[in-house]
Amino acid sequence: MMQGYDLEAAVPFIAKAMRKAGHKNPQQELENFIRRAIEADMAYMREIDVIDEDGLMGDGEYDDDDAFEALLDTLGEDAQDDDEMNQLAQLLDSYMAAQQDFMEESGLME
């Protein structure tokens, strides 16, 4: 996990933003998605050296488009059909916008 990242503050913040974006998933389902997305996002950041194993800033650069594709691949491994993948992509798009807002408000982005 990225040092300074507060998972317990992030989940409700992101869930609220996703609700504002129109997602009507049951609360527990939405929170479970957010937790899985954060885990996948942090793993991706370690993989491309945006953060190191200790959660400190690395030398890599985070590209939103590449991250979206990588996270969609990870989170969509069990998707049953195109409709499910499309719904997942919409959730992920909202997650990424809310995650960026959370990280900016937390002072974790340059």
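Residue numbers start at 1 and run along the sequence shown.
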Which atom names give the shortest non-hydrogen contact between [X] and [Y], and what distance separates them?
{"X": "Arg19", "Y": "Pro26", "answer": "NH2-C, 3.6 Å"}
{"X": "Tyr5", "Y": "Ala10", "answer": "OH-CB, 3.1 Å"}
{"X": "Asp41", "Y": "Leu71", "answer": "N-CD2, 3.4 Å"}
{"X": "Phe102", "Y": "Asp6", "answer": "CZ-O, 3.7 Å"}
{"X": "Leu108", "Y": "Gln3", "answer": "CD2-O, 3.8 Å"}
{"X": "Met2", "Y": "Ile51", "answer": "CE-CG2, 3.8 Å"}

* Looking just at side-chain N and O atoms, do Tyr44 and Asp73 make a donor-acceptor pair shorter than 3.5 Å? -> no
* **Modelled atom types, side-chain donor and acceptor of Gln28 and Asn32, under 3.5 Å** => yes
Can you tell me how far [atom2] of [Y] sits from [atom1] of [X], rounded to the nearest 0.5 angstrom?
{"X": "Asp54", "Y": "Asp52", "atom1": "CG", "atom2": "CG", "value": "5.0 Å"}
{"X": "Glu69", "Y": "Asp64", "atom1": "CD", "atom2": "CG", "value": "12.0 Å"}
{"X": "Phe68", "Y": "Asp93", "atom1": "CZ", "atom2": "CG", "value": "5.5 Å"}

* **Ion pair check, Glu8 and Arg35, cut-off under 4.0 Å** => yes
When you compare the side chain of [Y] with that of [X], does any pair of heavy atoms fall below 4.5 Å?
{"X": "Asp63", "Y": "Ile48", "result": "no"}
{"X": "Glu84", "Y": "Asp78", "result": "no"}
{"X": "Gln100", "Y": "Glu104", "result": "yes"}
{"X": "Ile14", "Y": "Ile38", "result": "yes"}
{"X": "Thr74", "Y": "Arg36", "result": "no"}
{"X": "Met103", "Y": "Gln99", "result": "yes"}

* Gln27 atom CD, neighbour heavy-atom count above 12 within 6.0 Å -> yes
* Carefully, step by step, assess Met18 and Ile34 under the rule side-chain contact (heavy atoms from CB on, under 4.5 Å). => CA-CA 10 Å; Met18 290 178 73; Ile34 293 166; 3.8 Å; yes
